[in-house]
S.K.: 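Mind having a look at this structure? Questions to follow.
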Amino acid sequence: MFQDRLRTILAPAVQAAFNDCFGQSPDAGSIGFQPTRPEFEGDTTINVFPFLKLSGKGPEPTAQAVGEHLVKHVGEVARFNVVKGFLNIVVADAYWLGFLNEAAGTDILKFTPTGQKMMVEYASPNTNKPLHLGHLRNIFLGWSVGRILEAAGNEVVKVQVVNDRGIHICKSMVAWRMYGNGETPATSGLKGDKLVGKYYVAFDKAYKAEVAGLIAAGEPEADAEKKAPILLDAQDMLRRWEANDPEVRMLWATMNGWVYDGFNATYARVGVGFDKSYYESNTYLLGKEDVLKGVENGVFFRKADGSVWVDNTPEGLDEKVLLRADGTSLYITQDIGTAIQRFVEFPGLSRMIYTVGNEQDYHFKVLFLILKKLGFSWAPGLFHLSYGMVDLPSGKMKSREGTVVDADDLIDEMVAEARSTGEQLSKLDDLGEQEKQALFEQIGLAALKYFLLKVDPKKRMLFDPKASIDLQGHTGPFIQYTYARIRSLLGKAGVQAEPPGQVPSANASLLPEEKAVIKGLHQFPAVLNEAATKLDPSAMANHTYELVKAYNTFYQTVPVLKEEDASKRALRLAMSAAVAATTKKAMWCLGIEVPERM
RNA sequence: GAUCCCGUAGCUCAGCUGGAUAGAGCACCUGCCUUCUAAGCAGGCGGUCGAAGGUUCGAAUCCUUCCGGGAUCGCCA
């Protein structure tokens, strides 16, 4: 709706200018508008260098001629100046005021429905260990992408896939039976996922001890690693699980139940949820039929031993096995089956987005290629939202080496940090403890989420636990603070409703600080559009920061409530309200809440 | 060995569909609370945009090579 509204006015006008002045015009799309650099006067700038062949003149006369034509024919263009090949255009204040008037009455980040339905898978935890910082990046990213797509007018189905079966959970089960003494979350006071994680670690410790013992007894290392009794127990447990052994299934269901309670507590705390959860125990046998069908159709081939393969060498990839010689399936087989199942279950999905770390780039390339070869019409709508690892100063997080940053602990620390800062400032002394705690949760989570979301998803990022996450500067709390300050201002002015109504337009003239804020608002729809197109919350995060920064400068230098001129006061209140509403929506898109005071 | 990602200020990151003198935050230094919330504002310090070539009127941005970091290439998940 508001996207590039200035462009839709100016681009044809520039074309007309070229036509009238030089007899030919550039393509509308080739005209680049860029923000005018602050050292020159202007709002938007056109570089005429690319069009000198059309004009047959030098850069300055070309820009001059176009500028004069624009001023004469386009009401929105107030004046211009030319510096080298750059045509700096000053847009009339009336245009900005007109935009503000429209924006004041609507949500500029609500797009018209596209009619498209999309699925975003944004969590895929294993049930043998608690969530850590890497999971948080994954979850926040995918959740935010879902929100952004919703804001952009799409229907979004949010799902997780739980890796609830396999050797990893059997390891925890074996260890719990050996060392657990019947311990439960209730008896131990431990969160369920933490409890099960504890026994996974216990398994690893016992396993290593047994291996060491075998090696000491003269066993070669490679054999020792395969023969350790506790590992054999786990493998036996897995076989019994597959054979539906009631006792094993019972233990498995119990321990997974503890883990889900733990996960759900964390999900609830960070404010995310799922429309549907898939469990690997229900889907791990899928895909086999589809692969066999592919063999019949000649998409796949069999080797002499009976195993089934796909040949991706023509596409620059490798051959990949899809079914073992004994007919059992592999991870990718299952992924083929679940993808197909999802499109059956949710007909009309135009896209399916997998939020998974970049270590699986190759896997998804292969998976998507296979589904394309199988001829599914929806295959082009598959997308791997790949993100970089979160590194510690010491390098990669490794669960076995105990260098993971636990999600719950980290959230606790952030909330404690927010509390410590908040209590020091003592602006909130009149709040009850419960209200305070809720507020510090909001702030701590905002700091954490913003920290993880402001970085380009595909880049690796560094987290230094010792340095902790800032609450000042380019942070979530900074944005929250700006919002709270505006809400307070509006409250004092008696403008509580979020659209404050009409702005006195027409002849008002804008201060630079006012115009900067309105321009920030003006470009926001394009920002959402960009974020939705690129599936990139960082674009949204960074522009929100730019907007509130511009607002803070305005706030600090221009009076609002103390302004005596009623129309100026109304204008500034309207601006403030629009910034608050847009900020709130933008933060919603990031999955971050915004407080009424702080 | 092959493929992919990344390299911008002391640190963490923007900018990358080619455009003017490369921007923020943190840290460090200076100012600003008897005026709408100082988790703020204004200013200072800080850069061979990994290196070298190339394309171009113009390159942090595109191409090539090299260096450095990471990931993947399993009848694991």
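Because only heavy atoms are used, hydrogens play no part in the values below, and waters and symmetry mates are left out as well, while side chains stay in. Every chain is numbered from 1, with letters handed out A, B, ... down the list of sequences.
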S.K.: With a 4.0 Å cut-off on heavy atoms, is A:P59 in touch with a base, just the backbone sugar-phosphate, or nothing at all?
M.R.: nothing
S.K.: Indicate, with a heavy-atom threshold strictly under 4.0 Å, whether A:D305 touches base, sugar-phosphate, or nothing.
M.R.: base
S.K.: Please give, in whole Å, the distance from B:C73 P to A:I332 CD1?
M.R.: 11 Å
S.K.: How many whole angstroms separate atom CG of A:N47 from atom C1' of B:G19?
M.R.: 5 Å
S.K.: Assess A:K303 against A:W309: is NZ or CZ under 6.0 Å from the centre of the six-membered ring, and within 45 degrees of the ring's axis?
M.R.: yes
S.K.: In whole Å, what is the span from the CD1 atom of A:I469 to the C1' atom of B:C13?
M.R.: 14 Å
S.K.: Using the P atom on both, measure B:C29 against B:G23 and round to a whole Å.
M.R.: 25 Å
S.K.: Just how far, in rounded Å, is P of B:A39 from OH of A:Y483?
M.R.: 19 Å
S.K.: Would you classify A:Y362 as touching base, sugar-phosphate or nothing, given that sugar-phosphate means primed atoms plus P, OP1 and OP2, and contacts are heavy atoms under 4.0 Å?
M.R.: sugar-phosphate
S.K.: Mark yes or no for a side-chain to base donor-acceptor pair under 3.5 Å between A:D361 and B:C5, with no hydrogen or angle criteria applied.
M.R.: no
S.K.: Could you check whether any side-chain N or O of A:R569 sits under 3.5 Å from a backbone N or O of A:L561, counting only pairs where one atom can act as donor and the other as acceptor?
M.R.: yes
S.K.: Please work out if A:F40 contacts a base, only the sugar-phosphate, or nothing of the nucleic acid, heavy-atom cut-off 4.0 Å.
M.R.: base
S.K.: Could you give the distance separating B:A51 and B:A60 at their C1' atoms, to the nearest angstrom?
M.R.: 14 Å
S.K.: Mind checking if A:E280 touches a base, just sugar-phosphate, or nothing, with heavy atoms under 4.0 Å?
M.R.: sugar-phosphate
S.K.: Any base atoms under 4.0 Å from A:A493, or only sugar-phosphate, or nothing? Heavy atoms, all strands.
M.R.: nothing
S.K.: With a 4.0 Å cut-off on heavy atoms, is A:V455 in touch with a base, just the backbone sugar-phosphate, or nothing at all?
M.R.: sugar-phosphate
S.K.: What nucleotide among B:G40, B:A39, B:U21 has an atom nearest to a side-chain atom of A:K427?
M.R.: B:A39
S.K.: By nearest atom, which of the nucleotides B:A20, B:A39, B:A14 is closest to the A:I443 side chain?
M.R.: B:A39
S.K.: Does the gap between the ring centers of A:Y551 and A:F554 come in under 6.0 Å?
M.R.: yes
S.K.: Of all the choices, B:C36, B:A20, B:G70, which nucleotide is nearest to the side chain of A:L489 once you look at every atom?
M.R.: B:C36
S.K.: Is A:R485 positioned over the aromatic face of A:Y555, cation under 6.0 angstrom from the ring centre and no more than 45 degrees off axis?
M.R.: yes
S.K.: Do we get A:R165 above A:Y279's six-membered ring, with its NZ or CZ under 6.0 Å from the centre and within 45° of the axis?
M.R.: no
S.K.: Going through the checks in order, is the ring-ring contact (aromatic ring centres under 6.0 Å, His included) test met by A:Y545 and A:H474?
M.R.: CA-CA 7 Å; A:Y545 172 68; A:H474 188 180; 3.9 Å; yes
S.K.: Between C1' on B:A24 and OH on A:Y450, what's the gap in Å once rounded to a whole number?
M.R.: 10 Å
S.K.: I'd like to check A:L52 versus A:P59 (side-chain heavy atoms, cut-off strictly below 4.5 Å). Are they in contact?
M.R.: yes
S.K.: Hey, does A:M461 reach any base, or is it just sugar-phosphate, or nothing, if we go heavy atoms under 4.0 Å?
M.R.: sugar-phosphate
S.K.: If you measure from the C1' atom in B:C26 to the same atom in B:C66, how many Å do you get, rounded?
M.R.: 34 Å
S.K.: Rounding to an integer number of angstrom, what distance separates B:U21 and B:A59 when you compare their P atoms?
M.R.: 11 Å
S.K.: Give a yes or no on whether the backbone of A:P26 and the side-chain of A:S30 come within a donor-acceptor separation of less than 3.5 Å.
M.R.: no
S.K.: Of the nucleotides B:U72, B:A77, B:C41, which has the atom closest to the A:F478 side chain?
M.R.: B:C41
S.K.: If you measure from the P atom in B:U17 to the same atom in B:U34, how many Å do you get, rounded?
M.R.: 48 Å
S.K.: Reckon A:Y555 touches a base, only the sugar-phosphate, or nothing at all at heavy-atom distances under 4.0 Å?
M.R.: base
S.K.: Only Watson-Crick and G-U wobble pairs with both distances less than 3.5 Å should count. Give RNA chain B in dot-bracket notation, marking inter-strand partners with |.
M.R.: (((((((..((((.....[...)))).(((((.......))))).....(((((..]....))))))))))))....
S.K.: Could you check whether the side chain of A:N88 and the base of B:A20 have a donor-acceptor pair of N or O atoms closer than 3.5 Å, going by distance alone?
M.R.: yes
S.K.: Over all strands shown, is A:S307 touching base, sugar-phosphate only, or nothing at heavy-atom distances under 4.0 angstrom?
M.R.: base
S.K.: Expressed as a whole number of angstroms, how long is the span from A:K365:NZ to B:C5:P?
M.R.: 7 Å
S.K.: Taking atom C1' in both B:C6 and B:A14, compute the distance separating them and give it to the nearest angstrom.
M.R.: 16 Å
S.K.: Flag as yes if A:Y481 stacks onto the base of B:G40 (centroids under 5.5 Å, planes under 30°), otherwise no.
M.R.: no
S.K.: When you get a sec, tell me which of B:A39, B:C76, B:G70 is the closest nucleotide to the side chain of A:L330?
M.R.: B:C76
S.K.: For A:Q334 and A:V558, find the nucleotide of RNA chain B closest to each by heavy atoms; which residue's nucleotide sits nearer the 5' end?
M.R.: A:V558
S.K.: Is A:K449 close enough and on-axis enough to A:F140, meaning under 6.0 Å and within 45°, for cation-pi?
M.R.: yes
S.K.: Starting the side chain at C-beta, find the nucleotide from B:U21, B:G19, B:C76 nearest to A:R37.
M.R.: B:U21
S.K.: Determine the contact category for A:L425: base if any of its heavy atoms lies under 4.0 Å from a base atom, sugar-phosphate if only primed atoms, P, OP1 or OP2 are that close, otherwise nothing.
M.R.: base
S.K.: Report which part of the nucleic acid A:D470 touches: base, sugar-phosphate, or nothing (heavy-atom distance under 4.0 Å, all strands).
M.R.: sugar-phosphate
S.K.: Out of B:C6, B:C76, B:U21, which has the shortest distance to the side chain of A:K84?
M.R.: B:U21
S.K.: Assess the side chains of A:T45 and A:N88: does a donor N or O sit below 3.5 Å from an acceptor N or O?
M.R.: yes
S.K.: Between B:U48 and B:A22, how far apart are the C1' atoms? Round to whole Å, please.
M.R.: 13 Å
S.K.: For a quick check of understanding: with a heavy-atom distance under 4.0 Å over all strands, which category does A:F49 fall into, base, sugar-phosphate or nothing?
M.R.: base
S.K.: Taking the six-membered ring of A:Y278 (Phe, Tyr or Trp), confirm whether the NZ or CZ of A:R342 is under 6.0 Å from its centre and within 45° of its axis.
M.R.: yes
S.K.: What is the nucleic acid contact for A:V48, judged by heavy atoms within less than 4.0 Å: base, sugar-phosphate only, or nothing?
M.R.: nothing
S.K.: Report the nucleotide, chosen from B:U35, B:G40, B:A39, that has the shortest atom-to-atom distance to any side-chain atom of A:K562.
M.R.: B:U35
S.K.: Is B:C33 syn or anti, taking syn as a glycosidic angle within 90° of 0?
M.R.: syn
S.K.: In whole angstrom, give me the gap between the C1' atoms of B:G50 and B:C67.
M.R.: 7 Å
S.K.: Just compare B:A71, B:U21, B:A39 and give me whichever is closest to any side-chain atom of A:L428.
M.R.: B:A39
S.K.: Among the nucleotides B:A77, B:A39, B:G19, which one has an atom lying closest to any side-chain atom of A:Q34?
M.R.: B:G19
S.K.: Taking donor-acceptor contacts at under 3.5 Å, does the side chain of A:T45 reach the base of B:A20?
M.R.: yes
